Amino acid sequence: MRTLIKNGKIVTQNCNREIIDGDILIENDRIVSIGRCDESVDKIIDAAGDIILPGLINTHTHVSMTSLKGLVDDVTFPAFLDKVFHLDDIRTPRDLEAGAAQGCIEMIRSGTTTFLDLYYSEDIIAKAVERSGIRGVLGWAVLDQQFTTQKGDPLDNCKRFYNEFKNHDRIYPAVGLQGVYVCSTETFMRSKEFALEEDLTLTFHLSETRKEVSDCKKKEGFRPGDYLANIGFFNDHCVAAHSAWLTMNEVRAMAAAGVKVSSCPVSNMKLATGGVAPIPEMIDAGMTVSLGTDGSTTNNSLDLFGEMKFVSLLQKSSRWDPTVLPAQQVLDFTTINAAKALRMDSEIGSIEAGKKADIIILDGKSPNLRPIFPETLVSNIVYSSYGLNVKTVICDGKIVMEENTIKTMDEWKELEEANEAAQELHESI
């Protein structure tokens, strides 16, 4: 199958961050060439006047929690945790899968083609991801048995999930540690051993709240980042979500070990957990920084375009410095940096010949994106755009959405099922 995208403004995100007016030739799942193409093809997509980007990459979310959207809004953080833990305990396979399907639809419509998830029952979630046509790096939640509602040992469950799905297209099993507050040193180290043995992404919540830091100091004698460094847990497979309450000592230790970060500014602001991730210092230390939306209970949205704007504005405002996190750096967070965080940058994250064809097209006729000039295009993407500007999505060379119509799923049927499943869940609270 040969597909040609013609006449677009291509924001390549290559090493030179080139913006090219031209065409993209795709053969099967790969980008063959960028520039001008007059070769015969099976399908032509006319992108005249439109903006072409690499598919966006969400490096921290809980996709199935779309079923819980709105149920725990505007409450204190302790009350939020109590309600979410109760809801997690009563969820059913039906609402888990339906919620994941709805989340995938939302991500498709807002231009996300790859996401890193952390939840239990990833085998159920994987079914929805496979239907959707986008790529899921699915981290099975691992924690100490005394704290979980899972049957059996969570790490053993994670291993079973890996063995079942390791050869599935667009499903990448991962290890998802809940955090220092429910994971012992043994759990961390056993999980690390398994992840490195099978070359898996190892993701976890880190220093999301001040209480987490305080409790870890009382229990282990160290802040969370220092504790994980001291036990020898950190490595280059790690993606640390949130990372809002870090000292420079922790930042340096994480950078030295090759740890990547997924900042979740909207979630942290909504829960009023108070910390502002030291992103400029992370970058100066050589860390790879990416963005996550977190789940729909803490963000209510899976739209990375909104996340890009918020992360830049939060850093500028908190530092009284409008030069902090310029637009190009922020766009990197959701494309090439995110691909590096997942150790997939040789395959995705930029539009380059030889890479996977993960491509999104934004409607250049949208008033919020105009005027379109090369020198302001990236700023418009970061500060002016919405997920709903996305009109076409290609993942792994396959057209997932074309001209605002999702091709891989019966969207209305999936959303109706998700609504009915959520209603059953709500009634059981």
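Start at 1 with the first residue, then count along the sequence. Everything numeric here is computed off the predicted structure, so don't read it as measured data. Only heavy atoms go into these numbers, but all of them, side chains included; no hydrogens, no water, no symmetry mates.
- By the neighbour-count criterion of 12 heavy atoms within 6.0 Å, atom NZ of Lys309 is sparsely surrounded, having that number or fewer from other residues, nucleotides or ligands.
- Inter-residue side-chain proximity for Leu206 and Met254 is flagged as met; some heavy-atom pair is nearer than 4.5 Å.
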Test log, rule side-chain contact (heavy atoms from CB on, under 4.5 Å), inputs Glu414 and Arg131
CA-CA 10 Å; Glu414 296 278 5; Arg131 287 202 303 280; 2.9 Å; yes
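- Pairing each heavy atom of Ser263 with each of Ala277, the nearest pair is OG-CB, 4.0 Å.
- Between Ile45 and Ile361, the shortest heavy-atom contact is CG2-CD1, 3.9 Å.
- Crowding of Lys217 atom NZ: a count of heavy atoms from other residues, nucleotides or ligands under 6.0 Å not exceeding 12.
- Gln178 has its side chain out of reach of Thr148: every pair of non-hydrogen atoms, C-beta onward, lies at least 4.5 Å apart.
- For Ser290 (side chain) and Val261 (main-chain N/O), a donor-acceptor pair under 3.5 Å exists by modelled atom type.
- Side chain of Asn299 to backbone of Ser267: no donor-acceptor contact under 3.5 angstrom is found.
- Residue Ala100 comes nearest to Ile125 through the heavy atom pair CB-CG2, 3.9 Å, listed as atom of the first residue, atom of the second, then distance.
- Gln423 and Glu427 share a side-chain donor-acceptor pair at under 3.5 Å.
- Listed here is the closest heavy atom pair of Gln150 and Ala141: NE2-O, 2.9 Å.
- Residue pairs satisfying the salt bridge (Lys or Arg N to Asp or Glu O under 4.0 Å) criterion with at least one member in residues 230-259, sequence neighbours excluded, are listed as follows: Arg223-Glu250.
- At least one donor-acceptor pair closer than 3.5 Å links the side chain of Glu212 to the backbone N or O of Ser207.
- Contact record, Asn389 with Ser385: OD1-CA, 3.4 Å, taken as the closest heavy-atom pair.
- There is a side-chain donor-acceptor pair under 3.5 Å between Ser350 and Lys355.
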Test salt bridge (Lys or Arg N to Asp or Glu O under 4.0 Å) applied to Glu97 and Arg91, step by step
CA-CA 10 Å; Glu97 184 175 347; Arg91 297 197 69 178; over 6 Å; no
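- When each of Ile351, Ile52, Ile31 is tested with Ile5 by the rule side-chain contact (heavy atoms from CB on, under 4.5 Å), just one qualifies, namely Ile52.
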Stepwise, does the salt bridge (Lys or Arg N to Asp or Glu O under 4.0 Å) test hold for Asp321 with Lys316?
CA-CA 5 Å; Asp321 184 355; Lys316 294 175 190 299; over 6 Å; no
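- A donor and an acceptor atom, one from each side chain of Asn368 and Ser384, are nowhere located under 3.5 Å apart.
- Counted within 6.0 Å of CG on Leu415, heavy atoms from surrounding residues, nucleotides or ligands total more than 12; the atom is thus considered enclosed.
- The closest donor-acceptor contact from the side chain of Thr59 to the backbone of Leu291 lies under 3.5 Å.
- Here salt bridge (Lys or Arg N to Asp or Glu O under 4.0 Å) pairs that include residues 109-122, with residues two or more places apart or in two chains, are Arg109-Glu411.
- By the side chain to side chain contact (heavy atoms under 4.5 Å, CB included) test, Trp412 pairs with Asp410, Glu416, sequence neighbours left out.
- Here the side chain of Glu208 pairs no donor or acceptor atom with the backbone of His242 at under 3.5 angstrom.
- Residues passing the side chain to side chain contact (heavy atoms under 4.5 Å, CB included) test with Ala327 are Val378, Ser379, Val382, Tyr383, sequence neighbours excluded.
- Applying the 6.0 Å contact sphere to CD of Glu18 captures more than 12 heavy atoms from other residues, nucleotides or ligands.
- Of the N and O atoms on the side chains of Thr247 and Asn249, not one donor lies less than 3.5 Å from an acceptor on the other residue.
- Looking at heavy atoms from C-beta onward, Asp95 lies out of side-chain contact with Glu424 at the 4.5 angstrom threshold.
- With a 4.5 Å cut-off on side-chain heavy atoms, Phe80 and Thr298 count as touching.
- With a 6.0 Å radius and a threshold of 12 heavy atoms from other residues, nucleotides or ligands, Phe77 has its CZ atom above the threshold.
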Take Lys270 and Asp294 through the test salt bridge (Lys or Arg N to Asp or Glu O under 4.0 Å) and record every step on the way to the result.
CA-CA 11 Å; Lys270 182 167 180 279; Asp294 212 355; over 6 Å; no
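- For Asn337, the side chain to side chain contact (heavy atoms under 4.5 Å, CB included) test picks out Thr288, Asp332, Phe333, with sequence neighbours left out.
- Lys340 contributes no side-chain N or O that, together with a main-chain N or O of Thr335, makes up a donor-acceptor pair within less than 3.5 Å.
- No donor-acceptor pair under 3.5 Å is formed between the side chain of Asp50 and the backbone N or O of Gly8.
- Without hydrogens or angle criteria, Ser67 side chain to Ala422 main chain gives no donor-acceptor distance under 3.5 Å.
- A side-chain donor-acceptor contact under 3.5 Å links Gln328 and Gln13.
- Contact of the Leu68 side chain with the Ser296 side chain is not registered, since no non-hydrogen atoms from C-beta on lie closer than 4.5 Å.
- A distance-only check finds a donor-acceptor pair linking the side chain of His62 to the backbone of Leu118 [under 3.5 Å].
- Residues passing the salt bridge (charged side-chain N to carboxylate O under 4.0 Å, His left out) test with Asp123: none are found, sequence neighbours excluded.
- Considering only residues two or more places apart in sequence or on other chains, Lys211 meets the side chain to side chain contact (heavy atoms under 4.5 Å, CB included) condition with Thr209, Asp215.
- Within the structure, ring-ring contact (aromatic ring centres under 6.0 Å, His included) pairs that include any residue of residues 136-163 comprise Trp140-Phe161, Phe161-Phe165, Tyr162-Phe194 (at least two apart or interchain).
- Residue pairs satisfying the salt bridge (Lys or Arg N to Asp or Glu O under 4.0 Å) criterion with at least one member in residues 271-289, sequence neighbours excluded, are listed as follows: Glu281-Arg319.
- You'll find the ring centres of Phe233 and Phe188 inside the 6.0 Å limit.
- The side chain to side chain donor-acceptor pair (under 3.5 Å) analysis of residues 167-176, with sequence neighbours excluded, yields the pairs Glu130-His168.
- Contact annotation: the side chain of Leu196 approaches that of Asn235 to within less than 4.5 Å [non-hydrogen atoms, C-beta and beyond].
- The side chain to side chain donor-acceptor pair (under 3.5 Å) contacts involving residues 74-90 comprise Asp88-Tyr119, where partners must be two or more places apart or lie in separate chains.
- Looking at heavy atoms from C-beta onward, Ile394 lies out of side-chain contact with Asp358 at the 4.5 angstrom threshold.
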Glu197/Lys159 under salt bridge (Lys or Arg N to Asp or Glu O under 4.0 Å): CA gap, chis, key distance, verdict:
CA-CA 11 Å; Glu197 183 179 291; Lys159 291 178 179 180; over 6 Å; no
Test side-chain hydrogen bond (donor to acceptor under 3.5 Å, both in side chains) applied to Asn58 and Thr293, step by step
CA-CA 7 Å; Asn58 185 344; Thr293 57; 2.9 Å; yes
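- No side-chain heavy atom of Thr92 sits less than 4.5 Å from a side-chain heavy atom of Leu425.
- For residues 254-264, there are no salt bridge (Lys or Arg N to Asp or Glu O under 4.0 Å) pairs, not counting sequence neighbours.
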